[in-house]
There are 4 protein chains.
Amino acid sequence: MKKYNKKRMQVINLQQKFNRLRSNKIFETLVISIIIFSALVIGAKTYEISPGTLSIVRLLDWFITFIFLAEIIVRFLGEERKSQFFKSGWNIFDTLIVIICFIPVEDSELAIIGRLIRIFRVLRMVSLIPELKILLNSLLIALPQLGYIVALMFIIFYIYAAIGSTFFGSINPELWGDIAISMLTLFRVMTFEDWTDVMYETLAVYPLSWIYYLSFIFFTAFAFLNMVIGVVVNVLNDEHEKERKLEIQGKNQLTLEDVDKKIEELKGLILQNHSAHNC
Amino acid sequence: MKKYNKKRMQVINLQQKFNRLRSNKIFETLVISIIIFSALVIGAKTYEISPGTLSIVRLLDWFITFIFLAEIIVRFLGEERKSQFFKSGWNIFDTLIVIICFIPVEDSELAIIGRLIRIFRVLRMVSLIPELKILLNSLLIALPQLGYIVALMFIIFYIYAAIGSTFFGSINPELWGDIAISMLTLFRVMTFEDWTDVMYETLAVYPLSWIYYLSFIFFTAFAFLNMVIGVVVNVLNDEHEKERKLEIQGKNQLTLEDVDKKIEELKGLILQNHSAHNC
Amino acid sequence: MKKYNKKRMQVINLQQKFNRLRSNKIFETLVISIIIFSALVIGAKTYEISPGTLSIVRLLDWFITFIFLAEIIVRFLGEERKSQFFKSGWNIFDTLIVIICFIPVEDSELAIIGRLIRIFRVLRMVSLIPELKILLNSLLIALPQLGYIVALMFIIFYIYAAIGSTFFGSINPELWGDIAISMLTLFRVMTFEDWTDVMYETLAVYPLSWIYYLSFIFFTAFAFLNMVIGVVVNVLNDEHEKERKLEIQGKNQLTLEDVDKKIEELKGLILQNHSAHNC
Amino acid sequence: MKKYNKKRMQVINLQQKFNRLRSNKIFETLVISIIIFSALVIGAKTYEISPGTLSIVRLLDWFITFIFLAEIIVRFLGEERKSQFFKSGWNIFDTLIVIICFIPVEDSELAIIGRLIRIFRVLRMVSLIPELKILLNSLLIALPQLGYIVALMFIIFYIYAAIGSTFFGSINPELWGDIAISMLTLFRVMTFEDWTDVMYETLAVYPLSWIYYLSFIFFTAFAFLNMVIGVVVNVLNDEHEKERKLEIQGKNQLTLEDVDKKIEELKGLILQNHSAHNC
């Protein structure tokens, strides 16, 4: 029994050490530096490099992968409840990145996927710096809020793409061939990218097709404006909400009602006084 | 008499059944699925398909039309007061779409119109999902509010188009031929789409014509900015209004005036007390 | 004496008639219709028209000019104090437009200026519809407020144009020939119009010139953003100011201080009561 | 001792004179005029000019440099504590500009740098007009606030550039050759400048590469929107803060709590009165 306890104590001891290591500023800075360094290695690979340098880069790549493995093991061992570790999306993401980096990919097809995964290691920067994590989370939270406007925009796109491919499909199949290509062309029109070239082409056949383009630009611009205003109003409301809560906490929720009640009490007392005096 | 009543009861019974059906979640989901399916069929038609598949698509088309007819009949029979049914713009829209789909169009000219109508069936999605309905309504409500700015913008466009076609008409008739074409060209300039190509052409003849383009861009940008700000201020004011109303409801409209009045009453009582005491 | 008075009475009588006419809804609608009609005539002139139609258009032109003359005379005679009439910028503008339309211009050189003046008659619409007048005034009022940001932007443009024409002048004189042309090119870069074509050209000679373009885009985008935010904040502050004034008016300026004073009075009374009782 | 004092008095006298001169409106206007004039001289140099005019321009250049030197000496002598003078970034900037203008640069290589420095003299306008100084300061202050969003945007750019140069590098090395060129191409895509040309090229090889472009546009647009909203919210919060401070100062911090306390005092008095009466 004692032996087991001793062993358990050692485990807890180790865990606390790892936990301390994990929260250590120097350790954090080191890991961030390694990530930046790995990003630079990825960037370096896009330049033409001599075979000698390439082998050094490959060595560095393995070195980084091992460091990352070590870092995740430290983080995992530092976690008090092991089952909680894989409940965080960021931990799963980190582990996956490291595991995939270990899969030997020499085949030309898979090699590209391997390189892609290595690029995503840069995203680990986001998982390490809390401020960036908050920014990315706000993006993911705002997404469903904008859901209905995105749906409305998709319907507008779909209807216009269907009209476009029906009427203009024979004029320029490269732009209006089918509904998918038409939607891409409409996205191009929405970004104002050479949209007049697209229009002049169909204007030669259908002289009234400017109505199609102008109404589309109007609808998407309006939907987009609505989206931006929606986001701004949401943000401002959140700020107001925070402010109001702060005010309430600061003022201990004293309102005009409370003052009113006290005056009523006073009135009761004076009236009592009055009647006592009269009799 | 009894027979009539019995018949009437049956009618009301049926109506309630249809009404219940109309509000049924499963029925709603089914109709939305059918609309999405019909949208996919429309999209599929834009791809090149074999005659076999085409006949299947046509069959599906008729099937969807019949489902839509059934759905509108259910909605109509479910309505308590039949005369109210056609007062809603959305109901008229839905009925029109279904009726037009039944007109046999085999002629090449009309066939395109028939296909166009079928595309608008996707808009029925908006009439079924309340959140999308609200979004589209907000668009239609905001339109007249922006009326005067649109009028001002139209005047700016008209004056510049008149100047443009007067001076640049002989340089490039395709861009400045008449006042209508000039307005389209100016819209292009407003979206910054290859506007320098348009300018360099006229700059060769009139070296000062950059004033024309820059002043136009300035005026339209300012009018547009005004429009956006107007919309934002409107939205924020609406929010403030709502907030204030909520506050008033929550506080039962108790104001400083009420408290003031009560203090006046107290004063009166004390004075009375005072005088009673003195005599 | 009586004769003079009678004559004066007649003049006042006439003036009141003209004043009533001026404010008459039918008269206003008529003038606006004439302006819209004159705008259409101007638009019609930009199309190729037969000599017969042209002579009709010319006749209409003279007709409109006479109507405008009559309208201004009515407005002038309807004004109580004649000296005040030309203190309004809009009245001066209206009178100038009418006078210039009477100058006979047949010479090809001046004819174009004459046509230009006729186009500006459309702007009279703004002087007649109060809502448009307010919009245009808001534009003119906002201009000096934005003065310093415009000045800062001009300095940024000037410095970058000087650098641009110094370094890139020999690469492409059409874009960077002198400081004026360079500023036009930079405006083009600011609107993102084919700015990469401009950049790639200089990038071939100076590989670091991307810093020039990116820093310019950053500075102008920031200055522009500042401008927009400044306008929004101004507008919102104006709204708050209005709201606060309304609140003060509605509440007759009753504040917590007033309530505080009354409570002090009450205290005085009670204390008096107390002492009276005690002795 | 007296002699020293007299001398010191003379120095202080002179310093006060310079200080008065420095704050003199006419002196300030003169310096600003000289800067504007020097800006015009810089602009004039970009036009092709005859050797005669060139020598005049050179003379003017030296004249301006000497005026600037005199102005800085006046400002320096007018400063009470000499050590404080070089603590202001603007003073260092002004002095550096003047000193560098005196370095004789005839060599073609350095001549360009000399001309560049002369251009930056226009920036002295900013250091002289306080309103412009505030605007530029606000830019520099806002920069670190936006730090994390800029970092997030850089990570997005880096990852997409790494993916881009990995997959598209062989398709068009001019656009996707290495990670630096890819980032420039992505900036181009972000400004919507001929981005479809870039896309269509890669779409021919990888038919799904539209996902790459659309997701990139979405992410950067969202990050940019976040940035703008962040700035707007900051500005509005600052305004609110100012307003609240003004309110507090104006109202001597009287709150409902104070009124509440006074009512409590009243109650105490009345109760005392009551008990006194009862016994």
Side-chain angles (χ1 to χ4, degrees), chain A residues 147-149 151-152 155-156 158-167 169 176-183 189 192-197 199-200 203 210 213-214 217 219 221-223 225-226 228-230 232-233 236-237 240 244 255-257 259-260 263-264 266-267 270-271 273-274 277-278, chain B residues 39-40 42-48 112 115-116 118-123 125-126 129 131-132 134-136 138-139 142-143 174 180 184-185 187-188 190-194 198 224 227-228 231-232 234-236 238-239 243 251-252 254-256 258-259 262-263 265-266 269-270 272-273 276-277:
Chain A
Y148 285 112
I149 290 176
L152 185 64
I155 292 173
I156 295 171
Y158 199 87
I159 290 174
Y160 272 91
I163 297 172
S165 56
T166 304
F167 286 89
W176 304 102
D178 55 56
I179 204 158
I181 294 177
S182 297
M183 285 177 89
V189 169
F192 296 146
E193 215 293 276
D194 277 347
W195 69 275
T196 45
D197 294 354
M199 181 177 65
Y200 287 145
L203 217 55
W210 59 268
Y213 295 100
L214 263 66
I217 288 172
F219 280 120
F222 195 89
L225 194 65
N226 240 323
V228 172
I229 290 169
V232 170
V233 169
L236 288 179
N237 277 354
H240 278 293
R244 212 173 305 149
T255 62
L256 267 178
E257 275 89 58
V259 175
D260 190 59
I263 291 178
E264 285 290 342
L266 266 184
K267 203 173 163 180
I270 294 173
L271 279 173
N273 199 353
H274 198 60
H277 190 82
N278 278 1
Chain B
L40 291 178
I42 289 160
K45 274 195 214 161
T46 65
Y47 292 90
E48 262 183 53
I112 270 175
R115 278 171 89 177
L116 210 62
R118 274 180 175 78
I119 290 167
F120 279 104
R121 288 203 300 219
V122 182
L123 262 184
M125 193 104 85
V126 179
I129 304 173
E131 282 88 355
L132 291 182
I134 290 163
L135 271 180
L136 214 78
S138 82
L139 192 158
L143 234 64
E174 265 181 57
L184 195 60
T185 304
F187 186 76
R188 170 184 172 173
M190 197 180 80
T191 63
F192 296 144
E193 214 293 274
D194 276 347
V198 177
F224 185 76
M227 210 158 81
V228 173
V231 172
V232 171
N234 271 343
V235 168
L236 288 179
D238 286 5
E239 297 282 320
E243 222 166 75
K251 285 188 176 177
N252 276 316
L254 185 78
T255 60
L256 268 178
D258 304 321
V259 174
K262 296 214 165 158
I263 291 178
E265 281 172 32
L266 265 184
L269 280 171
I270 294 173
Q272 218 179 324
N273 200 353
H277 191 81

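All chains are named by letter (A, B, ...) in the order of the sequence lines, taking the proteins before the strands, and each is independently numbered beginning at 1.
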Sort Trp210(A) into side chain, backbone, both or neither according to what part of it lies under 4.5 angstrom from a heavy atom of chain B. side chain
Using heavy-atom distances under 4.5 Å, tell me whether Ile181(A) contacts chain B through its side chain, its backbone, both, or neither. neither
Looking at every heavy atom in both Asp194(A) and Glu193(B), which two are closest together, and how far apart are they? OD1-OE2, 3.1 Å
Rounded distance (nearest 0.5 Å) linking atom OG of Ser165(A) with atom CD1 of Ile119(B): 7.0 Å
Which residues pass the side-chain contact (heavy atoms from CB on, under 4.5 Å) test with Ala161(A), sequence neighbours left out? Ile179(A), Ser182(A), Met183(A), Leu186(A)
Between Leu184(B) and Thr196(A), is any pair of side-chain heavy atoms under 4.5 Å apart? no
Assess the residue pair Arg188(B) and Tyr200(A) against the criterion (side chain to side chain contact (heavy atoms under 4.5 Å, CB included)); give the C-alpha distance rounded to whole Å, side-chain angles, the decisive distance to 0.1 Å, and a yes or no. CA-CA 11 Å; Arg188(B) 170 184 172 173; Tyr200(A) 287 145; 3.1 Å; yes
Sort Tyr158(A) into side chain, backbone, both or neither according to what part of it lies under 4.5 angstrom from a heavy atom of chain B. side chain
Tell me, for Ala39(B) versus chain A, whether the close heavy atoms (under 4.5 Å) come from the side chain, the backbone, both or neither. both
Would you check, one step at a time, whether the test side chain to side chain contact (heavy atoms under 4.5 Å, CB included) holds for Phe187(B) with Ile217(A)? CA-CA 11 Å; Phe187(B) 186 76; Ile217(A) 288 172; 3.9 Å; yes
Of Leu214(A), Thr166(A), Ile159(A), Ile155(A), the largest count of non-hydrogen pairs under 4.5 angstrom with chain B goes to Ile159(A)
